[in-house]
Amino acid sequence: MQPIQQPIQPKSQNQTLMPKAFDFAGKLALKKQNNLYRSRKTLQSKQSVLQTVNGQSVLAFCSNDYLGLASHPSLEQAFSKSAKQYGFGSGASHLVNGHHQCHDELENQLAQFFGYEACLTFSTGYMANLGVIDAICDKNTTLYQDKLNHASLIDGALLSGAKLKRYPHNQYDTLENWLSTDDNQVMIATDAVFSMDGDCADLTQLSNLAKKHDSLLMIDDAHGVGVLGEQGKGTASHYNLNANDVPIMMGTLGKAFGCSGAFVLASQEMIDYLVNFSRTYIYTTAVPPALAATSIQALELVKQADDARAHLNFLIALFKQKAKELELILWPSDTAIQPIMIGDSQKAMSISKKLLEQGILLTAIREPTVPKNSARLRVTLCASHTEAHIERLFKSLQTLKNEGSL
Ligand SMILES: *Cc1c(COP(=O)(O)O)cnc(C)c1O
């Protein structure tokens with residue numbers, strides 16, 4: 001491949017062009033000083049529990065690839081086959097010329113599987129949350145959100161101009177007090193499985209509250225679909241709820257589905273509304289049709305993954321038992337997300353670094369992703385982990401405990 005010829009600009013010259021008022025360097029230095037500086041590790045192999053990162057072979061406990069589908073041979077095959085058939089780029093946004101029959105088919109199958117009238121796919125979960133909330137809410141809406149909701153739900157609220165009120169984590173008494181004195185149009189949005197904590201919202205209670213107070217309930221089930229409920233139908237299914245109880249459900253294709261993208265399930269009317277009003281749907285290029293076709297294959301694998309889900313539950317129970325023996329502080333979670341609570345950001349970083357020296361990849365999660373002083377090692381378990389992998393993790397944790405660093 002011929003590199004595009006570009007005049008090489010010396011770095012220092014670029015820097016002098018930056019207006020001083022922004023003080024990027026100062027803000028970065030402050031991040032470093034507070035142990036909150038972020039940098040990326042580079043994956044050099046497939047996404048799987050045994051992977052190569054920055055040249056090192058590691059055992060990873062931090063992907064959201066809960067069913068091990070990200071490198072599943074049948075998805076690799078579906079992707080190359082459909083790329084051959086449909087080409088690669090989608091060429092346009094959905095409303096112009098990019099909406100392919102693969103997108104249509106994926107939406108129909110997702111709607112049918114999850115028991116909703118209709119479905120709309122988005123290029124990412126972040127865009128789906130932004131696009132749904134911004135389309136539905138305006139300054140006349142009060143939008144109630146759990147304090148620990150994912151950033152994309154919060155950002156959607158900010159973008160929409162809704163009056164945002166965040167209730168303390170899973171505290172529905174407070175929410176009900178607020179709801180009972182609110183005359184606005186009201187929407188409630190919550191993570192179904194909290195992404196950095198692993199515990200679930202009580203969707204039965206929330207859906208009852210929403211009905212009682214004539215509010216529109218939306219759940220973000222990024223970490224529930226594929227993993228929880230009958231055949232992986234998600235957290236609502238786990239609570240025996242359906243489309244009448246949870247009128248808007250968002251799910252992602254980049255986690256348990258091992259692909260990329262997201263979907264929103266709702267009534268046909270709501271989906272028609274989103275096609276007309278959701279700016280993150282309208283003003284962006286459709287994902288490649290081959291990716292949609294691969295997601296259809298992923299849905300088939302998810303449906304058939306009962307054994308993987310059973311193994312995952314076995315690993316979760318094993319992890320919790322061993323963590324208890326080692327007297328680690330866990331968040332009350334029964335899902336594949338099992339954070340080991342550390343508190344101090346620097347301590348969390350240093351433990352993560354020491355684990356990496358022993359070949360274990362377990363990233364530290366710090367503010368602002370989680371509240372101040374609640375830094376943690378967010379362990380995620382995947383069906384492709386074995387019992388021996390868990391043993392290896394705890395052997396390393398035990399070593400750190402013995403030397404007093406954990
Ligand atoms: C990952 C995640 C998203 C964003 O989904 P992407 O497809 O990665 O953009 C939204 N909500 C929650 C709770 C998530 O964990």
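When a ligand or atom number is given, it counts from 1 through the structure's own listing order. Throughout, residue positions are numbered sequentially from 1 according to the sequence presented.
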Problem - Proximity flag Ser152 to ligand 1, non-hydrogen atoms under 4.0 Å - result: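 Yes.
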
Handout entry: Residue-ligand contact Met127/ligand 1, heavy atom below 4.0 Å
Key =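 Under 4.0 Å: no for Met127.
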
Exercise for the section: Decide yes or no for Leu143 and Lys163: does some side-chain heavy atom of the first lie under 4.5 Å from some side-chain heavy atom of the second? Expected result: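 With C-beta onward as the side chain, the pair stays apart.
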
Problem - Glu327 CD: over 12 foreign heavy atoms closer than 6.0 Å - result: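 Open.
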
Exercise for the section: Considering heavy atoms of the protein only, find what lies nearest to atom 4 (C) of ligand 1 and give residue, atom and distance to 0.1 Å. Expected result: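 The protein heavy atom lying closest is Tyr126 N, 3.5 Å.
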
Handout entry: atom 8 (O) of ligand 1 [closest protein heavy-atom partner, distance rounded to 0.1 Å]
Key =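 Protein heavy atom at minimum distance: Lys255 NZ, 4.3 Å.
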
Exercise for the section: Look only at interatomic distance and state if Thr252 has a nitrogen or oxygen under 3.5 Å from any nitrogen or oxygen of ligand 1. Expected result: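 For ligand 1, there is no N or O atom that lies under 3.5 Å from one belonging to Thr252.
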
Handout entry: Check against side-chain hydrogen bond (donor to acceptor under 3.5 Å, both in side chains), Ser160 and Asp134
Key = CA-CA 4 Å; Ser160 73; Asp134 180 51; 5.2 Å; no

Handout entry: Per atom 10 (C) of ligand 1, closest listed option by heavy atom (Asp220, Leu253, Asp191, Leu148)
Key =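 The nearest heavy atom belongs to Asp220.
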
Exercise for the section: Could you check which of Ala262, Gly125, Ala192 puts a non-hydrogen atom nearest to atom 7 (O) of ligand 1? Expected result: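 Residue with the shortest heavy-atom distance to the ligand atom: Gly125.
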
Please determine whether a side-chain nitrogen of the Lys or Arg among [X] and [Y] lies less than 4.0 Å from a carboxylate oxygen of the Asp or Glu.
| X | Y | value |
| --- | --- | --- |
| Lys303 | Glu300 | yes |
| Asp197 | Arg376 | yes |
| Glu76 | Lys81 | no |

Handout entry: Residue from Asn149, Asp220, Thr124 passing side-chain hydrogen bond (donor to acceptor under 3.5 Å, both in side chains) with Asn129
Key =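 Result for side-chain hydrogen bond (donor to acceptor under 3.5 Å, both in side chains) with Asn129: Asp220.
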
Practice task
Any atoms of ligand 1 less than 4.0 Å from a non-hydrogen atom of Ser195? List them with their elements.
Solution key: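 Here the atoms of ligand 1 in question are 15 (O).
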
Exercise for the section: Would you mind running through ligand 1 and noting each atom that sits below 4.0 Å from a heavy atom of His223? Expected result: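 Selected atoms, number and element: 14 (C), 15 (O).
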
